[in-house]
Amino acid sequence: MVEASATSAMVIPRKRSLADRILGESALARRESVSFYIMISPWLIGFLVFTVGPMLFSLYISFFDWPLRQPPTFIGIQNYVRFFDDPVWVKALQVTARYTLSAVPLGLIFAFLLALLLNQKIPFMPFFRTVFYLPSLVPATANAILWLFVLNAQIGIINTALRYIGVQGPSWLGSSTWALRGLVIMSLWSVGGGMVIYLAGLQGIPEYLYEAAKIDGANQLRQFIHITIPMVTPVVFFNLIMGIIGTFQIFNQAYIMTEGGPGRATYFYVYYLYRNSFDYYRMGYGSAMAWFLFALIMVLTLINFGLSRHWVFYESGGE
Amino acid sequence: MVPWTGGSFVVYYNRDHFEEAGVAEPSPDWTWDDYGMIAQQLTKVGADGMPLVFGSFNWPQMWWNSWLIPLLQAGGVPFDHSLWGLADFDDPDFLGDSTKALPGYSKEAIKQALQMQLDLMYKYEACPRPGYELPEGTGFLSGNMSMNFGTAAYASQIIRSDAVPNWGVVRPPKAPTDKGRHATQAYLAGFALGTHCTEKDAAWEAMKFFMSQGARKCIFSSSDEWPWPKDLEEWLMSQPGMDTSYENALVFNSTKDAVFIPPVPDFNRFFNEALDPYSDLVFNQEMSVDDAVDQMEKEGDAVLQGL
């Protein structure tokens with residue numbers, strides 16, 4: 001390494017050719033570049049073949065009518081126009097938006113409160129943190145099966161608990177009124193991921209801010225409102241963005257637990273997309289739905305970034 | 001895909017449940033009302049109010065096992081008569097005059113079938129309501145259900161599982177508008193002629209061969225589908241109340257005695273998007289039967305017209 005460095009230092013500066021810029025200025029740099037691309041190639045090839053390729057192909061096929069077992073027929077933007085004549089598409093979007101509007105705020109609050117509790121200095125805290133984080137590690141399918149039992153109208157733990165206090169619980173997944181609410185409650189089971197990020201945010205708040213506030217006579221509530229909350233707003237913002245992206249893509253619950261029912265009460269957008277593509281073999285329409293969702297999430301994210309200037313506090317001034 | 005099974009529906013029942021409840025076994029000329037009342041008597045509820053045994057089947061999420069069987073029995077099909085043309089199901093040897101006897105988009109039959117399922121849930125309280133499944137299952141083979149509709153071939157599953165050793169079989173109860181035709185499972189046969197089939201003539205010939213009596217007997221006797229040393233159809237026809245019309249439907253010798261759902265384009269989409277959401281609402285008592293059937297017709301037609 002030392003020898004190579006010395007050699008590099010003796011090279012006379014000259015104008016860089018295109019080949020130099022691509023391959024590097026020296027044999028060592030070229031070797032390093034080649035090594036870099038060799039090492040990264042499995043991921044890069046995988047990314048291009050299994051992510052970028054299918055994405056571009058789905059964009060292409062969204063302009064076709066393709067029943068999968070027959071050749072595709074070009075139909076221009078008809079798949080995109082068809083959305084607005086499809087009542088099920090509208091319904092699926094509404095259901096998903098309702099889920100997002102309920103699950104995201106609740107998840108943000110629940111994860112934050114949990115993080116506050118787990119930020120206390122009491123014995124066995126690592127144990128409690130692990131316990132509360134564990135559910136977010138459970139695979140989505142196992143979670144869904146578990147919650148089929150939890151939400152069972154007859155023997156589910158929620159209705160059993162309600163019966164003890166004299167309340168007859170609803171048929172959670174059997175009722176079009178309660179099914180979506182049941183899935184929103186279920187979403188709180190997996191707030192562990194957000195909670196851990198909150199916890200890191202809380203622990204990153206400089207102690208001197210609280211000390212200064214105490215000297216100025218601020219009680220705990222004022223410290224919480226004027227120090228804790230503003231200092232965690234970047235984390236809230238991050239969790240908000242991730243929450244919106246995640247909830248708009250909700251699928252497993254509908255696929256495993258409700259099949260979109262009853263009465264389309266849990267007919268989420270991605271579930272309808274899946275059905276169109278793989279049950280009804282309308283691959284063009286399914287692809288168009290996917291790109292619409294991509295655009296929708298992009299727009300919502302940009303709006304949120306625009307609004308974040310008004311409520312997200314960065315210690316560095318947002319730099 | 002070639003048809004490997006099919007046949008008309010019968011009711012399988014758990015004889016032990018009838019004996020324990022002191023209920024006489026059903027006679028072949030029973031009606032839907034009889035069925036509901038018997039199912040009610042067979043249903044057992046524990047001291048804590050939790051059902052232990054359901055008298056009747058119900059699985060609203062699975063259309064084939066639920067209200068579409070009574071619908072067919074009531075003489076109805078969920079398609080408009082004119083849509084049979086879409087089915088490519090027009091072989092005159094097979095259909096004969098049977099299509100002329102079809103009642104068209106059978107709104108009245110659909111209403112009857114939905115009402116029957118609704119009554120079983122709320123009037124007779126004899127089958128699980130939506131969202132109320134017993135943890136160990138409510139299927140016939142769980143031993144928690146007294147009566148279950150199934151095709152003839154379902155007998156092989158009962159025999160092989162050995163979970164319900166003492167069982168019987170009887171013709172389905174008669175619907176109020178019963179026309180003497182038998183609800184028949186034929187969708188597997190239909191898949192051979194689906195929209196994407198490029199060799200419809202060959203598929204049709206294969207289907208006719210495999211549905212012939214000789215081929216079916218050969219298939220059953222040579223496969224492990226049928227574990228008995230008896231012939232399924234001969235055995236079934238020896239049961240009380242089985243007549244020639246049932247045999248015709250069972251072996252697809254003639255469709256004039258069978259009523260079944262024809263294969264049409266967007267078959268799955270029709271059921272998932274046009275029927276299921278509204279039957280869900282009916283079974284949750286969140287929509288009237290009349291309104292649901294109107295919606296089914298509207299959305300069903302849209303699907304079948306390719307919208």
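Quick note on labels: first sequence line is chain A, next is B, and so on, each numbered from 1.
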Are more than 12 heavy atoms, taken from residues, nucleotides or ligands other than [X], located less than 6.0 Å from that residue's [atom1] atom?
X: Ile157(A); atom1: CD1; result: no
X: Leu137(A); atom1: CG; result: yes
X: Tyr60(A); atom1: OH; result: no
X: Phe84(A); atom1: CZ; result: yes
X: Phe292(A); atom1: CZ; result: yes
X: Trp291(A); atom1: CH2; result: yes

(message) Between Ser171(A), Ala265(A), Gly260(A), who has the most heavy-atom pairs with chain B when the cutoff is under 4.5 Å?
(response)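 The answer is Ser171(A).
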(request) Name the option with the most non-hydrogen atom pairs under 4.5 Å to chain B; the candidates are Pro170(A), Ser175(A), Gly261(A). (result)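 Of the options given, most contacts go to Ser175(A).
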(message) Any non-hydrogen side-chain atom of Ser176(A) less than 4.5 Å from a side-chain atom of Asp280(B)?
(response)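 Not touching, per the 4.5 Å side-chain cut-off.
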(message) One thing to verify: whether Lys91(A) and Glu299(B) come together as a salt bridge, which I'm taking to mean a side-chain N less than 4.0 angstrom from a carboxylate O.
(response)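 Judged by the 4.0 Å cut-off on N to carboxylate O distance, Glu299(B) and Lys91(A) do not form a salt bridge.
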(message) Restricting to non-hydrogen atoms, name the atom on Tyr280(A) and the atom on Arg269(B) that form the minimum distance, rounded to 0.1 Å.
(response)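 Result for this residue pair: CE2-CA, 3.3 Å.
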(request) Below 4.5 Å from any heavy atom of chain A, which atoms of Glu273(B) appear? Answer side chain, backbone, both or neither. (result)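 The answer is both parts of Glu273(B).
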(message) If I take atom OH from residue Tyr267(A) and atom CG from residue Asn272(B), how far apart are they, to the nearest 0.5 angstrom?
(response)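 Spacing of OH (Tyr267(A)) from CG (Asn272(B)) equals 6.5 Å.
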